[in-house]
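Starting from 1, each residue takes its place in the sequence as its number.
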Amino acid sequence: FEIHPDGSQVQKIVNNNTQIIVKNNEIYIMGDEKKSTQGNLKLFIKGNAKLQVSGDVELEVNGNMTMKVDGQFTAMAEKFNFVGPINHVGDINCTGNIINQGNISSAKNIQAELDIVGHQNLILAENLTAGGTGTYGGDVTAAGVSVDQHVHTNGGGIGNSGPPAQ
């Protein structure tokens with residue numbers, strides 16, 4: 001240990017360090033705390049964990065990130081902002097509106113109890129269900145049929161109607 005005249009302390013350990021606390025441990029820091037690890041970090045909690053932050057949280061990952069939840073995953077926010085492409089496997093069930101600025105492409109079902117609003121294209125391999133309206137500024141393609149390019153068969157079998165008027 002080194003204790004400096006201003007009260008600061010330095011502890012240098014040149015080999016392994018293990019600390020065992022048989023009962024509880026509590027640390028109160030009145031200033032900032034910073035930890036750096038040049039190797040890997042593994043945090044194992046045998047019970048529950050709760051992170052409570054009075055300010056903002058920023059998480060920066062320079063590689064990939066994987067989250068695995070064996071039970072239900074619940075996230076609550078006033079608003080979710082996703083920047084970049086979203087790849088989703090499985091159905092999307094929404095009890096509110098789905099509002100999208102880019103393309104929506106789904107190999108499964110999309111269901112919303114209210115409106116589905118998009119500003120570009122909607123491409124579906126299976127079903128789209130909206131309890132309200134479906135509004136798109138671009139093309140809607142379902143089961144390989146484009147709304148902008150589809151044709152209707154004229155009565156009497158005398159040909160097709162041609163694509164919709166622009």
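As a member of the Ile/Leu/Val/Met/Phe/Trp/Tyr network built from side-chain separations under 4.5 Å, I20 groups with nothing else and remains a singleton.
Listed by chain and number, the residues in a side-chain contact (heavy atoms from CB on, under 4.5 Å) with Q11 are F1, I13 (sequence neighbours excluded). Evaluation of the side-chain contact (heavy atoms from CB on, under 4.5 Å) rule for E58 yields E60 as partners, not counting sequence neighbours. For E33, the salt bridge (Lys or Arg N to Asp or Glu O under 4.0 Å) criterion is met by K35, not counting sequence neighbours.
Environment of CD1 in I21: crowded, with over 12 heavy atoms of neighbouring residues, nucleotides or ligands closer than 6.0 Å.
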Under 3.5 Å donor-acceptor pairs involving side-chain atoms of residues 37-54, not counting sequence neighbours:
none

Below 3.5 Å, can you tabulate the donor-acceptor pairs from side chains in residues 65-86 to any protein atom, sequence neighbours excluded?
unit_1	atom_1	unit_2	atom_2	d
K68	NZ	D70	OD1	2.4
Q72	NE2	T74	OG1	3.3

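Between Q19 and N25 there is no side-chain heavy-atom pair separated by less than 4.5 Å.
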